[in-house]
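Chain identifiers are assigned alphabetically (A, B, ...) following the order of the sequence lines, protein sequences preceding nucleic acid strands; residue numbering begins at 1 within each chain. Please read these numbers as outputs of a predicted model, since none were measured by experiment.
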Protein chains: 4
Amino acid sequence: MQCPLDSKPRWERRKDARPHELLAAAIDLFVERGFAATRLEDVARRAGVSKGTLYLYYTNKEELFKAVVRESILPFLGKAELSVAEFEGHSAELLRSVVMNWSRQIGQSKASGIGKLMLAEAVNFPELARFYREEVMSRTRRMISSILERGIRRGEFRSFDTVQMTQVLIAPMMMLNAWKHSAVAPCASDELQPQAFLESLLDVTLHGLLPRAS
Amino acid sequence: MQCPLDSKPRWERRKDARPHELLAAAIDLFVERGFAATRLEDVARRAGVSKGTLYLYYTNKEELFKAVVRESILPFLGKAELSVAEFEGHSAELLRSVVMNWSRQIGQSKASGIGKLMLAEAVNFPELARFYREEVMSRTRRMISSILERGIRRGEFRSFDTVQMTQVLIAPMMMLNAWKHSAVAPCASDELQPQAFLESLLDVTLHGLLPRAS
Amino acid sequence: MQCPLDSKPRWERRKDARPHELLAAAIDLFVERGFAATRLEDVARRAGVSKGTLYLYYTNKEELFKAVVRESILPFLGKAELSVAEFEGHSAELLRSVVMNWSRQIGQSKASGIGKLMLAEAVNFPELARFYREEVMSRTRRMISSILERGIRRGEFRSFDTVQMTQVLIAPMMMLNAWKHSAVAPCASDELQPQAFLESLLDVTLHGLLPRAS
Amino acid sequence: MQCPLDSKPRWERRKDARPHELLAAAIDLFVERGFAATRLEDVARRAGVSKGTLYLYYTNKEELFKAVVRESILPFLGKAELSVAEFEGHSAELLRSVVMNWSRQIGQSKASGIGKLMLAEAVNFPELARFYREEVMSRTRRMISSILERGIRRGEFRSFDTVQMTQVLIAPMMMLNAWKHSAVAPCASDELQPQAFLESLLDVTLHGLLPRAS
DNA sequence: CATGAATGAGGATTCATTCAT
DNA sequence: GATGAATGAATCCTCATTCAT
């Protein structure tokens, strides 16, 4: 009656899996259609459950969305912050490493599409906006800022306005992610090649940030 | 805008003004709330007409949106293409000039908010996506591309992958515009300063594109 | 094309009639089924319009209900207050007159069923409770109280606790109205005869309120 | 309640207590919110059991409600009927005694709130209506009627329409109970004082029912 | 006996679009 | 041309009831 390797009854194991199944279905649809345009019934169907079941796990659409962000973005952010704090090499190397990890972990997953949606819909869902700004945007900016400041401090970058430069660096990465999930993206795929895009970005950026060649 | 000799009776001039009044109301709301979340009734009210009147001028919501794009973005794009074709100086100068004009003309107007909305909503409105991709995105990319190619051809830029670099350049500008109208933007306003942002962008970019200092 | 006796276009005359038609449908269903159990769609259908039309006139269910109360109860209350203020005869006569008018005007209409519903549902709809308490209950109590006080002051009633006696008098009248619309009422109809009930009520009451026979 | 010699193991005694715990939770919520608005999940939680357990004891919401009535109202009714049958003194005394017992036993308990709810909701739940009419309303009316008839027969009351007068007497008592649990009740509590209300009721009533003073 | 996960029908509300005037 | 009343499909959320464990 019970799997000898797992003492829980089957439906209880099911219950443990449900949240993840629901979040997986939710992120797919949120990223594809946006927050408002995603119907909870579709999320449920995609997860193979009924509408009502969704509400057993998340009290409403906004909480479901927050849970998606918590599961798909925040863990990565934590790891990235840690790696920044511990890194010991050249700041250009640190920047490259963070960008590349970002690309590998967020960029390859559906999570890369969340930013696009918040950009456009936050204004219609103030509580979501507040949550995302505080939990994701602010932390991300702080992390990038700290890399730039470290570089300047250590003489590895020339001096510049770190506040603006932080945005200048984040902007193309966010846009890259947005484009990946956008119907107005630089065409079907041949024009937008994430790896090449990031290489170009790091290329121009590192050329631009490093102290003048001497 | 109006010919001082205009002999039409006032209400007829009124009639001529209608489309513009409607588009002005529409762009405000589209940019603030997005395409789907904008209620045509609100557009009508803001323009001071009834809901029915809107339909006298635009057959549906999508056509209204296209008209907004046609009025607020395409004219600028045409002028920019022309100026690129005619420019004679250093390519870095041309790039700076196009970016600054973009900033002054699109960036300062509500039109800067259109991109953000298309990014997120195009997928739900395929015909809009097609229209925007062809009329705006492709033309913009072609224009920037041609500047880069010109720079390389004339030895004013070092050699690089122009396709990706085009995206790398467009991305932060689009993101800057998106942020201007976004509730998740880099905070209260002090962190995001468009002029400083663009200066930083040109700074790093020109540093990065120019041939190695010699 | 237009009725010569009414210069309004037909659909505009319709618009004037709508609110009343909707309120008439609403009071029927509210009184029969209660506030929560009444479906707005049924109200609309009964009024011969679509669900959406209801929302053109009343922003939500609670506002519809308030409008019902405003149309069906408050006008009578105003008239009754006035007649109390102006009355000049014996207080027993005044009491009888107010009770009989109440019976004729509220009692015979659907409005008599509102009290029953508020009794039970107010707790689930706090704003409705506040509204009804202030606009209906308080005013009614004040009116009855003033009659009793007048009677005692003029020596036409014996002395008693007017606060409690006000409730004692209101209670059976409210219950009579409640029963008229209740499925647990004193049986099908032969046992509860409103006129006879009120006669009995006035009989016992006036016997009870008048000064001891002398 | 429990036999001190009870030899059952604790959980079995627990089992015996379940129905009562469930009914206690149920009456609280039914009286506060009404029948339809009470969620079975809340009843279960308040009784400290799971939703499913409720269905082990009562096949559905309606049966739960009936059980509440059977436990909280019918026993008192039986005792009252008995005391009427056995009483030997003056009918006014009998009436006062029944009223006061009613007040003490039903009035002080949650059971006093059942009437209010049936008044409003019976129509939506026909089987409940039938049950309540037959088991509670009819028996109550028969009991009061018999007191009045006895009084007239014995020359202790003047002659009047006993059918109507029964309603006239029941009405304020039911309304008193309804008000106790109602959000539209005669205000904050100072205006409605059950004891004083009943005194006033008996005062006016007995004044009104007794034969003319001679 | 007891649990609580799962279901799905049901209802309030919104809004693009139509059309009679 | 202009109006705005009317429509009804669409979607979030609730909750009585079932049933596998």
Side-chain angles (χ1 to χ4, degrees), chain A residues 1-2 8-16 18 36-45 47-62 64, chain B residues 11-12 14-15 18 36-45 48-62 64, chain C residues 1-2 8-16 18 36-45 47-62 64, chain D residues 11-12 14-15 18 36-45 48-62 64:
Chain A
M1 190 138 304
Q2 289 179 357
K8 294 178 189 173
R10 187 162 16 182
W11 59 263
E12 209 167 327
R13 267 181 284 131
R14 208 66 214 282
K15 188 199 167 188
D16 290 348
R18 272 289 137 73
T38 293
R39 300 184 315 154
L40 252 18
E41 183 158 17
D42 287 345
V43 173
R45 188 178 8 258
V49 301
S50 75
K51 219 183 335 176
T53 301
L54 205 44
Y55 284 88
L56 253 26
Y57 294 89
Y58 305 99
T59 53
N60 56 38
K61 209 181 183 183
E62 299 209 352
L64 174 63
Chain B
W11 66 264
E12 212 168 328
R14 192 72 206 272
K15 193 182 74 175
R18 271 290 146 74
T38 291
R39 304 180 329 155
L40 253 18
E41 180 158 19
D42 289 343
V43 173
R45 189 182 5 259
V49 303
S50 75
K51 227 186 322 183
T53 303
L54 209 46
Y55 281 86
L56 254 26
Y57 292 90
Y58 306 100
T59 54
N60 57 36
K61 209 182 183 183
E62 299 207 353
L64 173 63
Chain C
M1 188 136 311
Q2 290 180 357
K8 292 179 190 173
R10 185 162 17 177
W11 60 263
E12 209 166 329
R13 266 180 285 132
R14 208 65 215 280
K15 188 199 166 184
D16 291 348
R18 274 287 140 75
T38 292
R39 299 185 313 152
L40 254 18
E41 181 158 18
D42 288 344
V43 173
R45 188 177 10 256
V49 302
S50 75
K51 220 180 334 173
T53 301
L54 205 44
Y55 284 88
L56 253 27
Y57 294 90
Y58 304 100
T59 53
N60 55 39
K61 209 179 182 184
E62 299 208 353
L64 173 63
Chain D
W11 66 263
E12 213 167 327
R14 192 71 207 273
K15 193 182 74 176
R18 271 288 145 74
T38 291
R39 304 181 326 155
L40 253 17
E41 180 158 19
D42 289 343
V43 173
R45 188 180 6 258
V49 303
S50 75
K51 228 188 316 183
T53 303
L54 209 44
Y55 282 86
L56 253 27
Y57 292 90
Y58 306 99
T59 56
N60 56 37
K61 209 180 183 183
E62 299 207 353
L64 173 63

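Residue contacts for D:Lys51: at a heavy-atom cut-off of 4.0 Å it reaches a base atom on one of the strands shown. B:Leu40 comes within 4.0 angstrom of the backbone, heavy atoms only, and of no base. Counting non-hydrogen atoms under 4.0 angstrom, B:Thr38 reaches the backbone sugars and phosphates but no base.
Among E:dA16, F:dT7, F:dG1, the nucleotide with an atom closest to any side-chain atom of C:Val49 is F:dT7.
Projected onto DNA chain F by closest heavy-atom contact, B:Ser50 and A:Asn60 fall at different nucleotides, the more 5' of which corresponds to B:Ser50. When each of D:Tyr55 and C:Thr53 is assigned the nucleotide of DNA chain F bearing its nearest heavy atom, the one mapping closer to the 5' terminus is C:Thr53. Residues A:Leu54 and C:Lys61 both approach DNA chain E. Their nearest nucleotides, taken by heavy-atom distance, put A:Leu54 toward the 5′ side.
Between C:Asp42 atom CG and C:Leu54 atom CG the span is 11.0 Å, to the nearest 0.5 Å. To the nearest 0.5 angstrom, D:Arg45 atom CZ is 11.5 Å from D:Ser50 atom OG.
Atom P of nucleotide F:dC13 and atom CG of A:Leu56 are separated by 15 Å, given to the nearest angstrom. Distance, D:Arg45 CZ to F:dC15 P: 11 Å, rounded to whole Å. Straight-line distance from the CZ atom of C:Arg39 to the C1' atom of E:dT13: 15 Å, rounded to whole Å. Rounded to an integer number of Å, the gap from A:Glu62 CD to F:dC13 C1' is 14 Å. Following rounding to the nearest Å, D:Tyr58 (OH) and E:dA2 (P) show an atom-to-atom distance of 12 Å. As rounded to whole Å, 14 Å separates atom P of E:dT17 from atom CD of B:Glu41.
Checking the phosphate oxygens (OP1, OP2) of E:dA2, a side-chain nitrogen or oxygen of D:Tyr57 falls inside 4.0 Å.
Between A:Ala36 and A:Lys61, the closest heavy-atom pair is O-NZ, 3.0 Å. The two residues B:Leu64 and B:Leu40 have their closest heavy-atom pair at CD2-CD1, 3.9 Å.
The pairing partner recorded for F:dT18 is E:dA5, the criterion being a Watson-Crick or G-U wobble arrangement whose two distances lie under 3.5 angstrom.
For the C1' atoms, the distance linking E:dC1 with F:dT21 amounts to 13 Å, nearest Å.
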